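Atoms considered below: every heavy atom in the structure, side chains included; atoms not considered: hydrogens, waters and symmetry mates. Keep in mind that this is a model prediction, so the values were computed, not measured.
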Amino acid sequence: MTDDGQTYTNPVLNADWSDPDVVRVGDDFYLTASSFGRAPGLPLLHSRDLVGWTLVGHALERLEPEERFTAPRHDQGVWAPSLRHHDDRFWIFWGDPDQGIFQVNAPEIRGPWSRPHLVKEGRGLIDPCPLWDDETGEAYLVHAWAKSRSGINNRLTGHRMHPDGNSLLDAGKVIVDGDRIPGWFTLEGPKLYRHDGWFWILAPAGGVATGWQGALRSRGFFGPYEERIVLEQGDTEVNGPHQGGWVRTRAGEDWFLHFQQRGAYGRVVHLQPMRWEADGWPVIGDAGAPVAVHPRPALPAQPPAAPATGDDFPGGRFGRQWQWTANPGAGWATQHSGDGLWLACVRSGDAHDLRRLPQVLTQRLPGTPCVVEVDLRLDGAEPGARAGLAVLGDAFGWIGLECGPGGSVRLVHRFAEATADRERDAGPARPAPEGHARLRIEIGPGARCRFSYDVGAGSVPSGPVFAATPWRWTGALLGLFGAAPEGPGAAGTATFTHFRVTPC
């Protein structure tokens with residue numbers, strides 16, 4: 001988001017780009033983020049001014065092992081990746097809390113990327129970050145721990161790593177124990193750097209909603225480390241400003257990108273100025289507090305840019321902004337010669353609960369008020385087949401079309417609370433005689449959603465306001481889907497056209 005060409009306004013990525021990390025290569029900046037159980041994973045964003053970002057691809061086409069991610073696993077998969085450039089290659093390390101630490105690499109940001117390689121096996125291993133030390137030729141890895149899987153947290157473990165990035169050279173050692181730092185808890189998300197003769201770890205603590213950004217330094221990788229808080233909320237409205245990455249421009253300016261947890265909107269990304277004090281420690285933001293508006297980085301002016309949202313689905317293909325809620329299956333989407341997304345109404349015993357369906361095509365919920373619209377046609381449908389536009393989190397709501405007895409098509413609107421195990425009606429069903437509807441969700445402040453539809457007689461509001469909710473670790477999602485109850489044969493096809501997200 002920009003103001004007047006001279007300043008920028010935070011957040012610079014106003015949607016759920018969780019746990020960001022950033023690297024500069026020449027005049028280009030690249031960012032990746034957590035993608036959890038969605039596919040493709042490991043989004044890759046590009047910028048030349050650190051303010052406007054575009055999505056250029058993904059580093060992980062499918063999660064592995066593939067059979068593990070054939071069903072949605074919303075709190076598993078890719079956690080808190082680190083992005084680095086070394087030896088003329090891009091490297092991404094991440095922790096899967098149930099499997100261990102993985103790595104992929106590529107000669108160019110757009111790939112081809114290698115298949116995931118397991119660097120360290122184990123439960124609860126998260127937030128890894130590598131460092132290749134140009135001064136000594138040695139390589140290191142630091143990671144944190146997830147208490148939900150390992151029973152421990154608030155500590156960072158360090159390893160020597162083989163320079164090829166494929167294996168570790170020792171059993172590891174706790175190099176920072178947060179329990180020994182007064183007042184610190186939930187130390188995690190470390191990013192490892194070498195600067196001014198020191199090993200630096202920039203790591204958050206204090207929890208997602210209320211925590212702070214810490215800096216730790218040592219003359220030797222294995223410690224001992226001294227620590228300092230370098231960014232915290234202070235008197236601002238930016239809760240829990242932490243976990244991100246430091247990047248230096250070619251001209252020598254220092255900047256820090258981090259997230260802020262915003263409920264249903266997820267973890268939005270802020271850009272903070274950073275400087276090094278005479279005592280050698282960094283200061284982030286305005287004297288350690290996050291900035292809301294600030295002069296832009298001293299970089300060449302660029303056209304405004306943001307990750308895409310709208311889509312016409314040319315040839316049946318969907319844009320990079322879309323992700324499935326699990327590894328995609330054969331026949332879910334069909335390519336063709338025209339425009340429009342053709343989704344099969346995939347049969348499932350879980351058709352009554354969108355949270356359990358892998359064939360929901362999703363994108364991030366925008367962090368500002370907007371209107372979401374799409375046209376839908378349901379063809380060749382069997383009774384019970386349905387398709388629609390959804391807002392998906394621990395609770396969900398959707399509006400769309402369903403085939404009733406005798407082949408009639410009706411407009412339906414349904415929802416489920418976070419504690420419910422199946423959906424229920426949010427309003428009465430209405431005839432959709434042409435099997436077509438224009439679907440609309442107006443998303444207001446606080447992610448409060450108002451659903452409406454048009455089946456040929458003008459726009460009609462439907463049901464009460466639905467307050468979007470996050471998943472456990474991620475923001476809510478917008479989704480398109482086709483589904484049907486279990487049974488033999490094809491159940492029908494949903495055609496979505498003219499998907500638009502318009503700021504209010």
Side-chain angles (χ1 to χ4, degrees), residues 13-19 33-43 55 58 63 69 71-79 259 261-269 306-311 318-328 332-333 341 343 350 353-374 376 387-400 414-418 423 439-444 446-449 451 466-483 494 496 499-501:
L13 282 166
N14 201 356
D16 185 34
W17 301 95
S18 177
D19 313 316
S34 296
S35 51
F36 299 94
R38 304 194 299 276
L42 289 172
L55 180 63
H58 292 82
L63 291 96
F69 292 97
R73 297 184 181 275
H74 302 291
D75 62 347
Q76 300 180 27
V78 177
W79 283 26
F259 76 72
Q261 172 65 43
R262 290 192 58 221
Y265 300 117
R267 299 175 180 183
V268 302
V269 178
T309 53
D311 206 339
F318 47 85
R320 297 186 182 100
Q321 66 268 33
W322 297 97
Q323 296 170 290
W324 301 102
T325 47
N327 282 334
W332 288 0
L341 177 67
L343 292 185
D350 293 319
D353 191 340
L354 296 187
R355 295 164 296 195
R356 302 180 190 177
L357 296 182
Q359 75 271 15
V360 183
L361 193 61
T362 67
Q363 63 171 274
R364 293 160 178 83
L365 186 75
T368 53
C370 62
V371 173
V372 181
E373 296 179 291
V374 70
L376 169 63
L389 169 66
V391 177
L392 188 63
D394 284 338
F396 69 86
W398 69 274
I399 192 166
R414 298 194 175 118
F415 78 103
E417 308 98 314
E423 64 191 21
L439 309 174
R440 176 185 170 104
I441 306 175
E442 182 178 342
I443 305 172
R448 294 173 62 81
C449 303
F451 291 77
F466 171 78
T469 64
W471 300 99
R472 183 177 182 186
W473 303 121
T474 74
L477 300 167
L478 298 173
L480 305 176
F481 74 95
F496 294 92
F499 182 89
R500 294 290 182 268
V501 178

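- When all heavy atoms are compared, the tightest approach of Pro43 to Ala33 is CD-O, 3.4 Å.
- Of the possible polar contacts, none joining the Asp16 side chain to the Gly266 backbone as a donor-acceptor pair under 3.5 Å is found.
- The six-membered or imidazole ring of Trp324 lies away from that of Phe69, with a centre-to-centre distance of 6.0 Å or more.
- Classification of the Phe451-Phe466 ring pair by plane angle, with boundaries at 30° and 60°, yields perpendicular.
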Derivation and outcome, side-chain contact (heavy atoms from CB on, under 4.5 Å), residues Phe318 and Leu343: CA-CA 11 Å; Phe318 47 85; Leu343 292 185; over 6 Å; no
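- The distance from atom CD of Gln323 to atom CZ of Arg38, rounded to the nearest 0.5 Å, is 4.5 Å.
- The main-chain N or O of Gly310 is found under 3.5 Å from a side-chain atom of Gln321 such that the two form a donor-acceptor pair.
- Rounded to the nearest 0.5 Å, atoms OG1 (Thr309) and CG (Leu478) are 9.5 Å apart.
- When Val78, Thr474, Asp19 are each tested for a side chain to side chain contact (heavy atoms under 4.5 Å, CB included) with Ser35, only one passes: Val78.
- Between the side chain of Arg262 and the backbone N or O of Gly367, at least one donor-acceptor pair lies under 3.5 Å.
- A donor-acceptor contact shorter than 3.5 Å is absent between the side chain of Tyr265 and the backbone of Asn14.
- When all heavy atoms of Leu365 and Ala468 are compared, the pair lying nearest together is CD2-CB, 4.5 Å.
- Taking both residues in full, the closest heavy atoms of Val501 and Phe499 are given as CG2-CE2, 3.6 Å, listed atom of the first, atom of the second, then distance.
- By the 4.0 Å N-to-carboxylate-O rule, Arg472 lies too far from Asp394 to be salt-bridged with it.
- Rounding to the nearest 0.5 Å places CD of Gln359 at 9.5 Å from CG of Asp350.
- For the atom pair CZ (Phe396) and CZ (Arg414), the distance works out to 10.0 Å, reported to the nearest 0.5 Å.
- Residues Val360 and Leu477 form no side-chain contact, since every pair of their non-hydrogen atoms from C-beta on lies 4.5 Å or further apart.
- Ring centers of Phe481 and Trp398: under 6.0 Å apart, within the cut-off.
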side-chain contact (heavy atoms from CB on, under 4.5 Å) between Ser18 and Phe36, worked out: CA-CA 10 Å; Ser18 177; Phe36 299 94; 4.2 Å; yes
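- Atom-to-atom distance recorded for Leu392:CG and Leu480:CG is 11.5 Å, nearest 0.5 angstrom.
- The nearest pair of heavy atoms linking Val391 to Cys449 is CG2-SG, 4.1 Å.
- Side-chain atoms of Glu442 and Val371, non-hydrogen and from C-beta on, do get closer than 4.5 Å to each other.
- When all heavy atoms of Arg267 and Gln261 are compared, the pair lying nearest together is CG-OE1, 3.3 Å.
- Rounding to the nearest 0.5 Å gives a distance of 9.0 Å between CG of Leu376 and CG of Leu389.
- Using modelled atom types, one side-chain atom of Thr325 and one backbone atom of Leu357 make a donor-acceptor pair closer than 3.5 Å.
- For Phe496 against Ala387, the heavy-atom pair with the smallest separation is CZ-CB, 4.2 Å.
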